[in-house]
4 protein chains.
Amino acid sequence: MGSPTARWQRRKEARPPEILSAALAVFAERGYAATRLDDVARRAGVTKGTLYLYFPNKEELFKAVIRGTLVPALTRITDADAASPVSIDDLIADFERLADSPIGVIPKLVLGEATNFPEITRFYLDEVVARGLKAIRAMLQRGIDAGTFRAVDPEYSAYCVVAPLLLGLLWKHSLGAVANDPLDIAVLCRTHRDLLLNGLRPRPVAP
Amino acid sequence: MGSPTARWQRRKEARPPEILSAALAVFAERGYAATRLDDVARRAGVTKGTLYLYFPNKEELFKAVIRGTLVPALTRITDADAASPVSIDDLIADFERLADSPIGVIPKLVLGEATNFPEITRFYLDEVVARGLKAIRAMLQRGIDAGTFRAVDPEYSAYCVVAPLLLGLLWKHSLGAVANDPLDIAVLCRTHRDLLLNGLRPRPVAP
Amino acid sequence: MGSPTARWQRRKEARPPEILSAALAVFAERGYAATRLDDVARRAGVTKGTLYLYFPNKEELFKAVIRGTLVPALTRITDADAASPVSIDDLIADFERLADSPIGVIPKLVLGEATNFPEITRFYLDEVVARGLKAIRAMLQRGIDAGTFRAVDPEYSAYCVVAPLLLGLLWKHSLGAVANDPLDIAVLCRTHRDLLLNGLRPRPVAP
Amino acid sequence: MGSPTARWQRRKEARPPEILSAALAVFAERGYAATRLDDVARRAGVTKGTLYLYFPNKEELFKAVIRGTLVPALTRITDADAASPVSIDDLIADFERLADSPIGVIPKLVLGEATNFPEITRFYLDEVVARGLKAIRAMLQRGIDAGTFRAVDPEYSAYCVVAPLLLGLLWKHSLGAVANDPLDIAVLCRTHRDLLLNGLRPRPVAP
DNA sequence: TATGAATGAGAGTTCATTCAT
DNA sequence: TATGAATGAACTCTCATTCAT
């Protein structure tokens, strides 16, 4: 608790998540290079020196932000397998949730800094992108096998499945801050679902 | 050209495009904040001071890069109107061309720096995004009116039309630099076209 | 000692010497400015905060290290007087002992920081240098009076008496850490003794 | 020349030596770690940024100071060989000159930072110490061979030859700044010369 | 007495910008 | 027109010192 007059408190356990979320916010707004650690510290309610008690430097802080946040939010998708497969609606639901969360900005951050931080990019490719695509491809293949979907190319169709959802996220955290008319992600998702399911629907056999 | 004894060449007219394309390349690779004007100058074959003869500062150079490059490449789409409408195949063709050009990196740059440069974002929204979406929506509406397409929501469907194309561009200039297996944009475009046209196809009337 | 459940031991009396010897070791290796109190604390088996229970700040700790250690090791020399005079062999023996002790590094430290810590330098000049030189000069004067030594200038000869011994100490704690072939202080002392005694020997009267 | 109102001048050639001598002065006074580049810059009449135009960082500046200054001052000694041998009086003369020059502080600096900068220490050992000792040993051996000197151990006697001269230098740049009564290096040299030559003189054969 | 989380001033370093040449 | 030496404001990172626990 600490007395109200205390200049500061020891909060060893609480600091890291607070710092990470402050850092996410500032990185999201400014990008990696333009982010000042002073701002991160201020937003986390500590001083600059304190950041260095928990993270060895700015780059590692950035990596921790990226690594620590997006993966947990997508486990339903990235951990999908034959036993617990994922559906299009699952995917959409998870993206809608992501769009409402601060960590929805991570894809924008990663795309923007990908060439500066190949190590992070690789992590993101391996842990998020590859696994997500794999789950979507499995979903498509199952649909094809079951006759629910046409025989499309699962590999590349997977990109088309995520693209509008990703666009929603990117928009929200970039153009959305400036655009006059907002993009309603729920409507986007519904529209995408409709187009996609029709696009995948088996063609009627000519009589 | 200058005489052989000239210490440097007077190339007042040739400089700006050279500087812009050098700047585009470096901004593309590093992002705005991490780009050093020294690197831009070196790549343009001049020195740092020379940049300031043509652009008042780093920010204006960045703006000039963004403003001067993407719009011309998309005039067929952004200038489409009833007299010269655009088709899905036009759109795809223009994006494929963009993917092969250095300026294909602009969307990534704009998304990454959108919150830092609202003025640019607004420009991009007005000159590229709004006009592009408008052309696509007109295209969809024409199809719906003609009975070629189902009665989808043209406003939000437009996002679904561009999303996979945009994803191709973004991938190429971010994850693509690190990913093991490349993304073939031509295949992506074909797949998207197939899914989209089927998604838009009028449903057969139940007998 | 403290009960076995005590979170730490109360060792008020034992701490200062432990801290001083840890500090001596680190100051010796790094010099004053480059020494981190964290390192001193770690080597002393305590934490940084504890240092401040015993010494008000880094500078005072440094002074305590210098003041507390060298003087006791040289009392035979510095306290020499007519009643208990010192011989060249005493001097050499004390320096050889110093060379084997951690406190042999003190002269190097004092020389290196003399201009930063005039107060320490004055202390060292008064308590060590002046008294040591005085004893050596007395020794030389006695030898001259007794006819054992030539009539050299005792004031400046005293520097020549200590110089090689000091060089041995300095070498050991600076160049010696890097040099390939070691400097054998015992041999150095023997050589110096031989040269010095011959240098001081009265010249034979020409027949 | 530059107009008197010019905020600064371009003096590409003049800067490095000015910076080096400013750096030598500040390093000499404060030691490496306690030296602030701001102070070096101010003393050199430039700003901190300018230092980085000529030296990549503080450590390299320090190395340049050490490497660039002492060696040239001692070439007569370090380059001595059979063709151009060195005498005791040469040695003394060079040290007296060194004592009057700002670079006489280098030995103190090197000894003080030897453990922090092994690379410099090795340079100094190889280029200054080893070559200097070698020249002195050759000198002693020549004297022994010629019968001018007794058969002393040339290896260790060499240390005894330099030690008082070195002590003079070290004193001047450390204790000398604080001590009340100055050490007269000329007298020290004379006294040392006398003691040394007598110490090396062949003993008279007993009749 | 002891800890070590937290502070905050200060250092080295970078780089957009200026300006003497 | 072109240069690139020089500037100076920022920024990251360190570490002596403090103080809640």
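Order of the sequence lines sets the chain letters (A, B, ...), proteins ahead of strands, with each chain counted from 1. Please read all numbers here as calculations on a predicted model, not as lab measurements.
Side-chain to base pairing of Arg36(D) with dG12(E): no donor and acceptor N or O lie closer than 3.5 Å to each other. For Lys58(D) against dT13(E), no side-chain N or O and base N or O form a donor-acceptor pair under 3.5 Å. Residue-to-nucleotide contacts include a donor-acceptor pair under 3.5 Å from the side chain of Lys48(D) to the base of dT13(E).
Along DNA chain F, the nucleotide nearest Asp38(A) and the nucleotide nearest Leu37(C) are compared for position; the residue whose nucleotide lies closer to the 5' end is Asp38(A). Comparing Tyr52(B) and Gly49(C), the nucleotide of DNA chain E nearest to each residue sits closer to the 5' end for Gly49(C). Closest-nucleotide positions on DNA chain E for Ala34(B) and Ala33(D) were compared, and the one nearer the 5' end corresponds to Ala33(D). With the nearest nucleotide of DNA chain F identified for both Val46(D) and Gly45(B), Gly45(B) has the one nearer the 5' end.
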*Start with the C-alpha gap between Glu119(C) and Arg122(C), add the side-chain angles, then the distance that decides, and say whether salt bridge (charged side-chain N to carboxylate O under 4.0 Å, His left out) holds.*
CA-CA 5 Å; Glu119(C) 188 190 335; Arg122(C) 178 157 305 285; over 6 Å; no
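When both distances must be under 3.5 Å, the Watson-Crick or G-U wobble mate of dA20(F) is dT3(E). Under the Watson-Crick or G-U wobble criterion, with both distances below 3.5 Å, dT13(E) is paired with dA10(F).
For Lys12(D) and dC19(E), the NZ to P distance is 21 Å, given to the nearest whole Å. Rounded to whole Å, the distance from CD on Gln9(A) to C1' on dT7(E) is 15 Å. Atom P of nucleotide dC15(F) and atom CG of Asn57(C) are separated by 17 Å, given to the nearest angstrom. The separation between Arg42(B) atom CZ and dA2(F) atom P is 19 Å, rounded to whole Å. If you measure from atom CG of Leu51(B) to atom C1' of dC15(E), you get 13 Å, rounded to the nearest angstrom. Atom CG in Leu53(B) sits roughly 14 Å away from atom P in dT17(E) (whole-Å rounding). Summarising the geometry, the separation between CZ on Arg7(A) and P on dT18(F) is reported as 10 Å, rounded to the nearest angstrom. When the C1' atom of dA11(E) is taken as reference, atom OH of Tyr32(D) falls 11 Å away, rounded to whole Å.
Phosphate contact (OP1/OP2 of dT21(F), side-chain N/O of Arg11(A), threshold under 4.0 Å): absent. When the side-chain nitrogen and oxygen atoms of Thr50(B) are compared with OP1 and OP2 of dT3(F), one or more of them lie within a distance under 4.0 Å. Between dA6(F) and Arg15(D), a contact under 4.0 Å exists linking OP1 or OP2 to a side-chain N or O.
Both the sub-6.0 Å distance and the 45° axial angle are satisfied by Lys58(D) relative to the ring of Tyr32(D).
Picking from dT17(F), dT12(F), dA5(E) the nucleotide with the shortest atom distance to the side chain of Arg10(A) gives dA5(E). Taking every side-chain heavy atom of Tyr54(D) into account, dA6(F) is the closest of dT1(E), dA6(F), dA2(F).
Note: Ile103(A) CD1 to His173(A) NE2 = 9.5 Å, rounded to the nearest 0.5 Å. Once rounded to the nearest 0.5 Å, the distance linking CD1 of Ile106(A) with OG1 of Thr69(A) reads 3.0 Å.
A salt bridge links Glu60(D) with Lys63(D): the distance from a Lys NZ or Arg NE/NH1/NH2 to an Asp or Glu carboxylate oxygen falls below 4.0 Å.
Minimum heavy-atom separation, Tyr124(B) to Leu175(A): CD2-CD2, 4.2 Å.
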